Every structure is written in C-alpha cells, then in structure tokens.
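Let me begin by presenting the structure, written as structure tokens, before commenting on it.
On a predicted model such as this, the values are computed, not experimentally measured, just so you know. We use all heavy atoms of the structure for the numbers below, so side chains are in, but hydrogens, waters and symmetry mates are not.
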Amino acid sequence: ISVLEIKDLHVDVANTDENADPINILKGVNLTVRSGETHAIMGPNGSGKSTLSYAIAGHPKYQVTSGSITLNGENVLEMTVDERARAGLFLAMQYPVEVPGVSMSNFLRTAATAVRGEAPKLRHWVKEVKEALTELDIDPSFGERSVNEGFSGGEKKRHEILQLGLLKPKIAILDETDSGLDVDALRVVSEGVNRYKDRDHGGILLITHYTRILRYIKPEYVHVFVGGRVVESGGPELADELEAGGYERFTQAAATQG
Ligand code: ADP
Ligand code: MG
Ligand code: MG
C-alpha cells in the first residue's frame, strides 16, 4: 500500500511580469491519498486546482514555499520530475508535448522501462499495448503515430489513460480528465480509470470542476477546494450537494473567513 501525503502546502506561482513578486496561490493544502482510494478535488475555476497538480509534478514555475509532499515517507519535493515518475507518481500533464518522429509504442516502452527499471521484452510489450488499446477502444494504428502529434482533445485523454494502464503507477493525479470529452469518450476513459483502481489497486486524485465525471468514477472522498485550500471534505454526498447548489456556499464561507 502506498501513501501520498500533502501537508500544509503553500505554493507561489512566478509572476508573468518578471519584476513583480510571485503570487501566492496555495494556502495550506492538507490531503492524504492511499492505494485503492479515489479522492475527488472539486473547486471553481481559478481556485488553484491545477497549481496543486503542477506542484506535485514538480513544474519549475511553481515554487513550494512551505509544507511537504511525501510518497511512502520519501520527500517528493527533493525529486526530479523523472524521479517522481519512477517513485510511482503519475501526472497526466507530464507528457503533453508533441514529439514528432517518436511513435507512441516506442515512447510508451521507454516510459515503462524507466518506471519498471528494465525494458519490457519486445514481444510481450507488443501484446500488452495491443490489449490496452483494445480495452480503451483505440485504433491499433495509434501505436504507430507520433507522440501527441495531431491528437484531438479526446485522443490525448485516451492516451493518458493508456499510459495509466501500462505504467501502473502507485498514485495518479488526473487534472480535468473529463474536459472536452463526448459521452462515449468519457465512458471509455472512466472505465480505464476504474480498471486502474480495481485491478491495479491504484490511488487516484481526480481534479475536476464539474460533477459530470462522478457519474462514471465514484470517489469515496470528496474535497471542496476554494481559495487555494481544501475548505470541506466528505463523502460522495458532498458531490451531490455541489451538483445541486454549486460552489456558492463554499466561496461565501471562504470570503468571510478572509
Ligand atoms: P484552477 O485549476 O482551479 O482553475 P489554477 O491553479 O489554474 O486554478 O489557477 C489558480 C490561480 O493562479 C488563478 O488565479 C490563475 O490565474 C493563477 N495562475 C496559475 N498559473 C499561473 C501562471 N503560470 N502565471 C500567473 N498566474 C497563474
Ligand atoms: Mg482553470
Ligand atoms: Mg485547472
């Protein structure tokens, strides 16, 4: 069992005006995610949800000013981006770039080699990829295409979930995995996430603005995220409340708290 622990995390983002001071976005985030658990982070636009995922990913623009992130007691903040992946953290937007001339199949094998510590046997690998593609309803020719080149929004999301199934990380952070997906793609992507949870016993931090994806992926824990911190935690009923009443109650409470 793996544990991702975030304690009193404060994060600044570099100002676009280089002469101005960094802007404080995260104001004391506390969160613990274990293998086999699904946590949904739900919050309005601009509340700092993506800042949280970038900070976990180790994006250089996001400066952790205090607090800690550990995976099984190991200091994640001291790890390079690659080391975080090898330690078992999966950050969907870690690979958003286009890599012309590198096929998906080769790219994924390289990633799997890094995470597993040895290259999967080629024949075995081909079979693994084929099965994963079938499960996700992805055309077999996908493996021959260049990484992210000309991928539609939906294809990029499927690609993320394909990686999830092949790399089998310990904890996955999925930021707005539902955005831009039609209903069919949403179903397939959600099934992939659920398989990762049930079959691979993965821990999931599902970051989202909308409640729509929660019809397909059932979190045991829901956290309302406002003003750079978790303002309320609960079970699935909290998501139902958000679906009915929106974020207003929480944004007002956060405002009066100052
Ligand atoms: P969310 O994902 O919840 O919509 P973000 O983490 O993207 O929120 O953004 C939180 C706040 O931080 C917003 O006010 C946004 O404008 C600001 N912000 C995020 N990234 C940057 C950046 N690279 N430069 C300047 N401001 C940023
Ligand atoms: Mg946003
Ligand atoms: Mg965001």
Give me the atom names and distance for the closest heavy-atom approach of [X] to [Y].
X	Y	result
Asn15	Asp21	ND2-O, 3.2 Å
Val13	Ile25	CG1-CG1, 3.5 Å
Leu214	Ala239	CD1-CB, 3.5 Å
Gly67	Leu77	O-CD1, 4.0 Å
Val226	Pro44	CG2-CD, 4.0 Å
Ser233	Leu238	C-CD2, 3.7 Å

Distance (rounded to the nearest 0.5 Å) between [X] [atom1] and [Y] [atom2]:
X	Y	atom1	atom2	result
Thr70	Glu5	OG1	CD	5.0 Å
Asn75	Ile69	CG	CD1	8.5 Å
Ser50	Ile173	OG	CD1	12.5 Å
Ile204	Leu4	CD1	CG	13.0 Å
Asp139	Arg158	CG	CZ	10.5 Å
Leu205	Ile171	CG	CD1	9.0 Å

Should the pair [X]-[Y] be classified as a salt bridge under the 4.0 Å nitrogen-to-oxygen rule?
X	Y	value
Lys197	Glu37	no
Arg215	Glu243	yes
Arg199	Glu135	yes

Mind checking whether [X] and [Y] have side chains closer than 4.5 Å, heavy atoms only?
X	Y	result
Ile1	Arg34	yes
Asp184	Asp137	no
Phe142	Leu133	yes
Tyr216	Leu186	yes
Leu164	Pro169	yes
Phe90	Leu174	yes
Ile41	Leu206	no
His39	Val222	no

Given 3.5 Å as the limit, does a donor-acceptor pair link the side chain of [X] with the main chain of [Y], or not?
X	Y	value
Lys49	Gly43	yes
Arg84	Met79	yes
Glu74	Leu71	no
Asn30	Asp8	yes

Going through the distances and angles, do Glu144 and Met104 end up as a side-chain contact (heavy atoms from CB on, under 4.5 Å)?
CA-CA 6 Å; Glu144 307 312 315; Met104 282 303 307; over 6 Å; no
Between [X] and [Y], is there a shared hydrophobic cluster once you connect ILVMFWY residues whose side-chain heavy atoms come closer than 4.5 Å?
X	Y	value
Ile6	Val3	no
Leu136	Val183	yes
Leu52	Ile23	yes

What's the verdict on side-chain contact (heavy atoms from CB on, under 4.5 Å) for Thr38 and Tyr221, showing C-alpha distance, side-chain angles and the deciding distance?
CA-CA 7 Å; Thr38 301; Tyr221 305 92; over 6 Å; no
Given Glu160 and Lys156, is the salt bridge (Lys or Arg N to Asp or Glu O under 4.0 Å) satisfied, shown in steps?
CA-CA 6 Å; Glu160 284 175 13; Lys156 281 185 184 170; over 6 Å; no
For the residue pair His209 and Tyr247, does the interplanar ring angle fall in the parallel (under 30°), tilted (30 to 60°) or perpendicular (over 60°) class?
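Tilted, since the angle between the ring planes falls between 30° and 60°.
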Tell me whether the rings of Tyr54 and His59 are parallel (<30°), tilted (30 to 60°) or perpendicular (>60°).
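Ring orientation of Tyr54 relative to His59: perpendicular.
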More than 12 heavy atoms of other residues, nucleotides or ligands under 6.0 Å from [atom1] of [X]: is that the case?
X	atom1	answer
Lys127	NZ	no
Arg123	CZ	no
Lys7	NZ	no

Of Glu237, Glu232, Arg249, Met42, the residue whose pairing with Leu242 passes side chain to side chain contact (heavy atoms under 4.5 Å, CB included):
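It is Met42, the one option of Glu237, Glu232, Arg249, Met42 that forms the side chain to side chain contact (heavy atoms under 4.5 Å, CB included) with Leu242.
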Test log, rule side-chain contact (heavy atoms from CB on, under 4.5 Å), inputs Ser53 and Leu91:
CA-CA 7 Å; Ser53 51; Leu91 305 137; 5.6 Å; no
Intermediate values then yes/no, side-chain hydrogen bond (donor to acceptor under 3.5 Å, both in side chains), His159 and Glu155
CA-CA 6 Å; His159 168 206; Glu155 282 174 333; over 6 Å; no
Per the salt bridge (Lys or Arg N to Asp or Glu O under 4.0 Å) rule, what does the pair list look like for residues 104-117, sequence neighbours excluded?
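For residues 104-117: Arg116-Glu128.
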Using the side-chain hydrogen bond (donor to acceptor under 3.5 Å, both in side chains) rule, take His10 and Thr65 through it: C-alpha gap first, then chi angles, then the decisive distance, then the call.
CA-CA 6 Å; His10 289 71; Thr65 55; 5.5 Å; no
Does the side-chain contact (heavy atoms from CB on, under 4.5 Å) test come out yes or no for Gln163 and Phe107, once each step is laid out?
CA-CA 10 Å; Gln163 284 185 49; Phe107 167 80; 4.1 Å; yes
